[in-house]
Amino acid sequence: MSPQMGTKTGTPKPFALTPVLTANWAQPRSWTLAAYESRGGYAGARQALAMSQDEVIALVKNSGLRGRGGAGFPTGMKWGFIPQGDAKPHYLVVNADESEPGTCKDVPLMLASPHTLLEGVIISAYAIRAHTAFVYIRGEVLHVVRRMQAAVDELYANSFLGPDVLGSGYALDVVVHAGAGAYICGEETALLDSLEGYRGQPRLRPPFPAVAGLYASPTVINNVESIASVPAIVSGGAAWFRTMGSEKSPGFTIYSLSGHVTTPGQYEAPLGVTLRDLLHLAGGVRGGHRLKFWTPGGSSTPLLTAEHLDAPLDYEGMVGAGSMLGTKALQIFDDTTCVVRAVLRWTQFYAHESCGKCTPCREGTFWMVQILERLEAGDADAKDVDVLLDTCDNIFGRSFCALGDGATSPVVSSIQFFRDEYVAHYTGGGCPFDPSAATLFAAEAGAAR
Amino acid sequence: MALTEQTRLALREILARYPKPRSALLPMLHYCQSEEGYVSPAAIGACAEELGLTKAEVGAVATFYTMYKRRPIGDYYVGVCTNTLCAVMGGDAILDALEEHLGIGNDETTPDGAVTLEHIECNAACDYAPVIMVNWEFFDNQTPGSARELVDRLRAGDPPLPTRGGRLCTWKEASRVLAGFYDGRADEGPSAGPASLIGLEMAAERGDRAPQMPRVASPGTGSVSMARDGAPR
Ligand SMILES: Cc1cc2nc3c(=O)[nH]c(=O)nc-3n(C[C@H](O)[C@H](O)[C@H](O)COP(=O)(O)O)c2cc1C
Ligand code: SF4
Ligand code: FES
């Protein structure tokens, strides 16, 4: 094994990458309908439209597909909550807000292959008996918005959307909607408020969106990757999907490696591979350094360390390791990184993005920033670490939405694993790390000083 | 540019896309930015009138979202990601270098009106850290040196190509696209950057692939001659 893996035990086990969602990303003009169809695209939509809606829902249920937006809720079950035969319109809303720090899979998917998502939208909207679907894309990715707009235009021009989708008699309209900069709008009920033209603030549940979502009508909200996985499930079948991954976490998924790793990027693999496996493929932690800490699925999932290299990267495996799979955003930090600085910056993010609706999150994140700033500056004392933990106690489980809970994850987990480093910040008069050593361009930064 | 009758027509066109008019508010505000470069009090008034809302109601929404600017900004909005991953990988150093080089601070504009500098949150490009966004197009894998060169070229009227995206347009033009008026330029730029493709390339090198899909598909299938990704059934 590589000496850079950070631990002496364990060897990478052989596993195969399983490109399905990413398979066409290198194709010339991959974003066009012609390119997508040349590889068999929209076969799944045609198949689904020839099935009954309930058959499609049953197929997705049987596949065991779980939401890729963070919480891992079974997708088919969510669709099954939509009332049947009611008089209200139904809506499908694709959550393309991708803003959880570290998460960078939905944006490249929509950039390279908007039709994978849109084929999923046709199938999913049909299954839940919706005639209008929205794709809510964070506004800060202009070219992604363009590619989605162009793909939707192409679909209308070819009667893949509109009053008679693919000659099936089913009518579907798709609206591409750009957000305007607010992490909280990724939270599904805040997203609905935002899509209705309000400030993005979470709603009280129940009622759940499946009963009273957009415009108080039955609504399914799913992540981009969840919806984009549906066409392959329809084409390949539930059993095929289950040949990958585990019983409770079946299928393929995109893992996003970033940070101090030799080759960062998108790796599509069966659920349940380990970070050791992925790091081995990605050339290990950058040369001359050791793994210090990592996030399994964005900054809202508790940090892990080299001890957890062999934990399966699936829903159960990450809970077993004391964290969460989240968005599979594997942010890798090596031994040059100050964990207090990292946590301070994330906490500043949560404080900035807190929507202000509830007190524990609004006030708690503000106070945590104050304390972490004192620690970094060397103005903190021994009590401050305990005050941080107390503050987390008051936020976790007492906040109106999961943003508040998520804000405590980096704080609590970093103190759990690196309490000594916090202590060094108040006994040693501030941060002992040189931030330039952690940069990609350490040499240039040194020369400029 | 003041808001004209044409603005009103565009706002109504946006409104018509939605089952309920108020859903149009975010794109309408993007559209106002495309005319004036920011969300002016007049723009808030126009949106309020079109939607039958009070100015206070529209103002409350406009101030909630960071992409809406409350005063005029430069032709090029330069956002340096300083969320943790990018910051650690060099985003903090890049922001420092640009502030020094341009002689402006966060959320300020150069005197020539060319560049507005701001630090931004994670922009879903962490595998290309450190990242800079210019008018919401990606400039991946930046260094202080490349960032200085980037803003120099923006100020000289010679904008470089984004790493992944179309030729740079102005802030106002970008806002128009975000308002839902497609500019016909999706075909510019690559499918994906190198980091997006790394797993796919390694799979090819290793001979890895997803298991073959079965020949017989689910019930109710019409004749499907081609499996996904071209594998014959
Ligand atoms: C603060 C916060 C931000 C979130 N951001 C996103 C996001 O950007 N994209 C996303 O798909 N889900 C996000 N989620 C999760 C959504 O609330 C929701 O669970 C998800 O969209 C459901 O889709 P899925 O079942 O397909 O995963 C966020 C949740 C919270 C609490
Ligand atoms: S937890 Fe934070 S983001 Fe969520 S409702 Fe409360 S204040 Fe808003
Ligand atoms: S942290 Fe900068 S793009 Fe994600």
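In what follows, chains are A, B, ... by sequence order, proteins preceding strands, each numbered from 1. The structure displayed is predicted, hence computed values, not measured ones.
Interatomic distance, CD of B:E121 versus CH2 of A:W346, reported as 12.5 Å (0.5 Å rounding). Once rounded to the nearest 0.5 Å, the distance linking CG of A:L330 with CG of B:D127 reads 11.5 Å. Considering CG of B:D187 and CH2 of A:W31, their distance stands at 6.0 Å, rounded to 0.5 Å. Put simply, CD on B:E57 and OH on A:Y198 are 7.5 Å apart, with the number rounded to the nearest 0.5 Å. Atom CD of A:E268 is separated from atom CG of B:D208 by 12.0 Å, given to the nearest 0.5 angstrom. To the nearest 0.5 Å, atoms CD (B:E201) and CG (A:L17) are separated by 12.0 Å.
If you measure heavy-atom distances from A:V145 to chain B, the contacts under 4.5 Å come from the side chain alone. Of the atoms belonging to B:A203, heavy atoms from both backbone and side chain fall under 4.5 Å from chain A. Of the atoms belonging to A:H260, heavy atoms from both backbone and side chain fall under 4.5 Å from chain B. Both the backbone and the side chain of A:L281 have a heavy atom closer than 4.5 Å to some heavy atom of chain B. Residue A:I184 touches chain B through its side chain alone, counting heavy-atom pairs closer than 4.5 Å. In this structure, the portions of B:R185 lying under 4.5 Å from any heavy atom of chain A include both its backbone and its side chain. Neither the backbone nor the side chain of A:F252 has a heavy atom closer than 4.5 Å to any heavy atom of chain B. Within the 4.5 angstrom heavy-atom criterion, only side-chain atoms of A:E353, from C-beta onward, approach chain B. Proximity to chain A (any heavy atom under 4.5 Å) is restricted, for B:D92, to the side chain, taken from C-beta onward. Only the side chain of A:T337 comes within less than 4.5 Å of a heavy atom in chain B; its backbone stays farther off. Within the 4.5 angstrom heavy-atom criterion, only backbone atoms of B:Q142 (N, CA, C, O) approach chain A. B:P190 touches chain A through its backbone: at least one of N, CA, C or O sits under 4.5 Å from a heavy atom, while the side chain does not. Neither the backbone nor the side chain of B:Y128 comes within less than 4.5 Å of any heavy atom in chain A. Looking at A:F241, neither its backbone nor its side chain comes within 4.5 Å of chain B, counting heavy atoms on both sides. Using a 4.5 Å cut-off between heavy atoms, A:F433 does not touch chain B at all. Of the two parts of B:Y77, neither the backbone nor the side chain holds a non-hydrogen atom closer than 4.5 Å to a non-hydrogen atom of chain A. Looking at B:A129, only its backbone comes within 4.5 Å of chain A, counting heavy atoms on both sides. Heavy atoms closer than 4.5 Å to chain A are found in the side chain of B:L197, but not in its backbone. Within the 4.5 angstrom heavy-atom criterion, no atom of A:Y183 approaches chain B. For B:M202, the parts lying under 4.5 angstrom from a heavy atom of chain A are both the backbone and the side chain. A:F134 touches chain B through its side chain: at least one heavy atom from C-beta onward sits under 4.5 Å away, while N, CA, C and O do not. For chain B, the nearby parts of A:S194 are the backbone and the side chain; heavy atoms of each come within less than 4.5 Å. No part of A:D106 comes within reach of chain B, as not one of its non-hydrogen atoms sits under 4.5 angstrom from that chain. Of the atoms belonging to B:L26, it is side-chain heavy atoms, and not backbone ones, that fall under 4.5 Å from chain A. For chain B, no part of A:C338 is nearby; none of its heavy atoms comes within less than 4.5 Å. Looking at B:C169, the atoms closer than 4.5 Å to chain A (heavy atoms on both sides) all sit in the side chain, from C-beta outward.
Using a 4.5 Å heavy-atom threshold, the side chains of B:T63 and A:R199 count as touching.
Between A:H177 and B:Y18, the gap from one ring centroid to the other is short of 6.0 Å.
Under the 3.5 Å distance criterion, the side-chain polar atoms of B:Y68 are left unmatched by any main-chain donor or acceptor of A:G181. Side chain of B:N123 to backbone of A:E140: a donor-acceptor contact under 3.5 angstrom is found. A distance-only check finds no donor-acceptor pair linking the side chain of A:Q331 to the backbone of B:T84 [under 3.5 Å]. Under the 3.5 Å distance criterion, the side-chain polar atoms of A:W25 are left unmatched by any main-chain donor or acceptor of B:S191. Without hydrogens or angle criteria, A:R147 side chain to B:A186 main chain gives a donor-acceptor distance under 3.5 Å. A:R146 places no side-chain N or O within donor-acceptor distance of the main-chain N or O of B:D183, the cut-off being under 3.5 Å.
B:L200 and A:T22 make their closest contact through CD2-O, 3.4 Å (heavy atoms, listed as atom of the first residue, atom of the second, distance). In terms of heavy-atom proximity, A:E98 sits nearest to B:A124 at OE1-CB, 3.6 Å. Summarising the geometry of B:P130 relative to A:L440, their closest heavy-atom pair is CD-CD1, 4.0 Å, with the distance given to 0.1 Å. Residues B:A210 and A:P19 approach most closely at CB-O, 4.1 Å, considering heavy atoms. Minimum interatomic distance between A:C185 and B:Y65 (heavy atoms only, all atoms of both residues): SG-CE2, 3.6 Å. Of all non-hydrogen atoms in B:I198 and A:P264, the two that sit nearest each other are CG2-O, 3.8 Å.
More than 12 heavy-atom neighbours from other residues, nucleotides or ligands sit within 6.0 angstrom of CZ on B:R17. The environment of B:E100 atom CD is sparse: at most 12 non-hydrogen atoms of other residues, nucleotides or ligands sit within 6.0 angstrom.
Taking chain A as the reference chain and counting heavy-atom pairs below 4.5 Å, the highest number among B:C81, B:A60, B:G180, B:G184 is found for B:A60.
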Derivation and outcome, side chain to side chain contact (heavy atoms under 4.5 Å, CB included), residues B:Y182 and A:V152: CA-CA 11 Å; B:Y182 174 51; A:V152 166; over 6 Å; no

Worked check of side chain to side chain contact (heavy atoms under 4.5 Å, CB included) between B:R22 and A:E196: CA-CA 6 Å; B:R22 187 165 175 159; A:E196 290 185 5; over 6 Å; no

